[in-house]
Asks: 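Structure incoming, see below.
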Amino acid sequence: MMRLSACIEMLFVPETDDFAQRIRLAKAEGFEFVEFWLWSSKNLDAIKGALDETGVKLAGIVAEPFAELTRETDHDRFLAGLEKSRDVAIRLGAPVLICQSGPLLDGVDRARQHDALVTAMARSAEVLAGSGVKLGLEPLNDRVDHPGYYLTSSAEGFDIVDKVDRPEIGITYDLYHSMVMGEDPEVVAAGRLNRIVHVHVADHPGRNQPGSGYLPLKPKLDWLLGQGYAGAVGLEFKPTGTTADALRQMRGSLGLR
């Protein structure tokens, strides 16, 4: 069964500026899970109230601050923020924090940047130990959305997580970013589903709702689920019209009713 999570940074945006109200709209659309990005800019009391009121669960939030984890001198700043993000995740009931690698650094050997990410994830595991919160390192595409980003290879992301080999550390696997980079999920994630802590989905071109573009999202999601992925699937896409219309197209495209 696909456990869908509405990313309320993108969904229900045309309908309301009230962030907590988006949780209520998600509930009205049948969602059991929502997620969002930065917690530091939000009214956490209002969000906690809306989650408690509706019974909707929080699937994940972003680990703050954004940092250049490819640069070891930025690790301490990230880890200090990770402690605060961990505490917010516990307060709101989010099992996953999402983080990015940071940029590809000019003049620094790529192997050194790879090793810096391994170190950052290993140190992050210590911060999260015993909390029940996992950190999902997210590969992104540099062809459309994130030029200059370091971690564009899902295979390398899995290699980093394998090297750390801690239950607190996994991959946020975004089918949109992966497939824009020309990857086949059935190849890059084969045998490594246990490393995936969260999934994102959107279509291409446009990063809009599934069914709006040409990516074969349904068979790839079906494969992930068939291989045993049981976490949330985050709908991190920009609706082309109203959120309700986009969700109808998405559900039709993915064979959901």
Side-chain angles (χ1 to χ4, degrees), residues 1-19 21-38 56 59-62 96 98 100 136 138-147 149 151-154 157 171-189 196 198-227 229 231-257:
M1 179 179 176
M2 201 177 301
R3 303 166 68 206
L4 297 177
S5 169
C7 177
I8 54 177
E9 299 279 1
M10 303 178 97
L11 301 185
F12 308 106
V13 174
E15 288 75 23
T16 181
D17 292 329
D18 185 329
F19 208 80
Q21 182 62 14
R22 292 177 197 168
I23 297 172
R24 299 181 181 95
L25 293 177
K27 175 67 174 182
E29 277 285 349
F31 285 100
E32 296 181 15
F33 299 91
V34 296
E35 60 192 78
F36 59 87
W37 299 335
L38 301 182
V56 171
I61 54 177
V62 167
V96 173
I98 299 169
Q100 288 75 39
E138 186 172 23
L140 305 174
N141 84 79
D142 66 354
R143 296 180 177 178
V144 178
D145 301 282
H146 301 279
Y149 189 70
L151 189 60
T152 60
S153 165
S154 296
I171 289 290
T172 296
Y173 184 58
D174 190 313
L175 275 79
Y176 164 77
H177 289 300
S178 180
M179 295 167 82
V180 166
M181 290 303 298
E183 297 176 344
D184 182 349
E186 296 183 37
V187 173
V188 296
I196 299 176
H198 194 60
V199 166
H200 281 152
V201 66
D203 215 332
H204 181 67
R207 200 176 177 182
N208 305 124
Q209 64 269 14
S212 65
Y214 61 76
L215 295 182
L217 295 170
K218 184 181 186 312
K220 300 308 179 184
L221 282 169
D222 287 347
W223 179 82
L224 285 171
L225 296 174
Q227 293 295 308
Y229 176 71
V233 175
L235 304 179
E236 196 180 49
F237 61 74
K238 297 175 285 189
T240 53
T242 68
T243 299
D245 287 344
L247 291 174
R248 275 192 289 272
Q249 183 174 22
M250 178 273 298
R251 289 177 175 125
S253 174
L254 299 183
L256 305 172
R257 292 293 181 267

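Since the structure is predicted, the reported quantities are computational estimates derived from the model, not experimental observations. All residue numbers refer to positions in the sequence shown, counting from 1. What's counted below: heavy atoms across the whole structure, side chains too, no hydrogens, waters or symmetry copies.
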Asks: Atom OG1 of Thr243 and atom CG of Leu25: how far apart are they, to the nearest 0.5 Å?
Replies: 8.0 Å

Asks: Looking only at non-hydrogen atoms, find the nearest pair between Trp223 and Pro185 and report the distance.
Replies: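 Closest pair (atom of Trp223, atom of Pro185, distance): CZ3-O, 3.5 Å.
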
Asks: Sequence neighbours left out, what passes side chain to side chain donor-acceptor pair (under 3.5 Å) with Lys220? Give chain and number order.
Replies: Asp184, Glu186

Asks: How far apart are the closest heavy atoms of Ile8 and Phe12, and which atoms are they?
Replies: CG2-CD1, 4.2 Å

Asks: Using modelled atom types only, decide if a donor and an acceptor are shared between the side chain of Arg22 and the backbone of Thr16 within a distance under 3.5 Å.
Replies: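 Yes.
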
Asks: Determine whether Leu225 and Met1 satisfy the following criterion, side chain to side chain contact (heavy atoms under 4.5 Å, CB included), listing intermediate values before the conclusion.
Replies: CA-CA 8 Å; Leu225 296 174; Met1 179 179 176; over 6 Å; no

Asks: Using the side chain to side chain contact (heavy atoms under 4.5 Å, CB included) rule, take Thr152 and Leu140 through it: C-alpha gap first, then chi angles, then the decisive distance, then the call.
Replies: CA-CA 5 Å; Thr152 60; Leu140 305 174; over 6 Å; no

Asks: Answer yes or no: does atom CD of Gln249 have more than 12 heavy-atom neighbours from other residues, nucleotides or ligands under 6.0 Å?
Replies: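 It does: Gln249 CD has more than 12 such atoms within range.
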
Asks: Provide the closest heavy-atom pair for Thr172 versus Gly136 in the form atom of the first, atom of the second, distance.
Replies: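 In terms of heavy atoms, the two residues are closest at OG1-O, 3.2 Å.
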
Asks: Roughly how far apart are Tyr173 OH and Leu224 CG, rounded to 0.5 Å?
Replies: 7.0 Å

Asks: If you apply the rule side chain to side chain contact (heavy atoms under 4.5 Å, CB included), what do you find for Leu256 with Leu4, and how did you get there?
Replies: CA-CA 11 Å; Leu256 305 172; Leu4 297 177; 3.7 Å; yes

Asks: Checking the side chain of Asn141 only, and the main-chain atoms of Asp145 only, is there a donor and an acceptor separated by less than 3.5 Å?
Replies: yes

Asks: Roughly how far apart are Thr242 OG1 and Leu11 CG, rounded to 0.5 Å?
Replies: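 CG of Leu11 is found 11.0 Å from OG1 of Thr242.
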
Asks: Less than 3.5 Å apart, any donor N or O on the side chain of Glu138 or His177 sitting next to an acceptor on the other?
Replies: no

Asks: What are the two closest heavy atoms between Trp37 and Cys7, and how far apart are they?
Replies: NE1-SG, 3.7 Å

Asks: Check side chain to side chain donor-acceptor pair (under 3.5 Å) between Gln227 and all other residues, then give those that pass, not counting sequence neighbours.
Replies: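 Partners of Gln227 under the side chain to side chain donor-acceptor pair (under 3.5 Å) test: none.
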
Asks: Do Glu35 and His200 have side-chain heavy atoms sitting under 4.5 Å apart?
Replies: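 Sidechains of His200 and Glu35: in contact.
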
Asks: Nearest 0.5 Å, please: how far is CZ in Phe237 from CG in Leu247?
Replies: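 Rounded to the nearest 0.5 Å, the CG-CZ separation comes out at 5.0 Å.
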
Asks: Could you list all the salt bridge (charged side-chain N to carboxylate O under 4.0 Å, His left out) pairs where at least one residue sits in residues 3-18, not counting sequence neighbours?
Replies: Glu9-Lys42

Asks: Where does the angle between the aromatic ring planes of Tyr149 and His146 fall among parallel (under 30°), tilted (30 to 60°) and perpendicular (over 60°)?
Replies: tilted

Asks: So, do Ser153 and Met181 sit near enough that their side-chain heavy atoms are less than 4.5 Å apart?
Replies: no

Asks: State which residues pass salt bridge (charged side-chain N to carboxylate O under 4.0 Å, His left out) with Glu29; sequence neighbours excluded, sorted by chain then number.
Replies: Arg251

Asks: Over all heavy atoms of both residues, which pair between Ala202 and Arg207 is shortest? Give the atoms and the distance, please.
Replies: CB-CG, 3.8 Å

Asks: Treating Gln209 as the side-chain partner and Met250 as the backbone partner, does any N or O pair qualify as donor plus acceptor under 3.5 Å?
Replies: no

Asks: Return yes if some donor-acceptor pair links the side-chain N/O of Asn208 with the main-chain N/O of Pro239 below 3.5 Å, else return no.
Replies: no

Asks: From Glu236 CD over to Asp174 CG, what is the distance, rounded to the nearest 0.5 angstrom?
Replies: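 Here the interatomic distance stands at 6.0 Å.
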
Asks: Do the side chain of Tyr229 and the main chain of Val199 share a donor and acceptor less than 3.5 angstrom apart?
Replies: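 Such a contact is found between Tyr229 side chain and Val199 backbone.
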
Asks: Roughly how far apart are Leu215 CG and Asp203 CG, rounded to 0.5 Å?
Replies: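 If we round to the nearest 0.5 Å, Leu215:CG and Asp203:CG are 4.5 Å apart.
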
Asks: Go through the structure and list residues passing side chain to side chain donor-acceptor pair (under 3.5 Å) with Glu183, not counting sequence neighbours.
Replies: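 Once residues adjacent in sequence are excluded, the partners of Glu183 under the side chain to side chain donor-acceptor pair (under 3.5 Å) criterion are Ser154, Ser178.
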
Asks: Check side chain to side chain donor-acceptor pair (under 3.5 Å) between Gln21 and all other residues, then give those that pass, not counting sequence neighbours.
Replies: Arg24

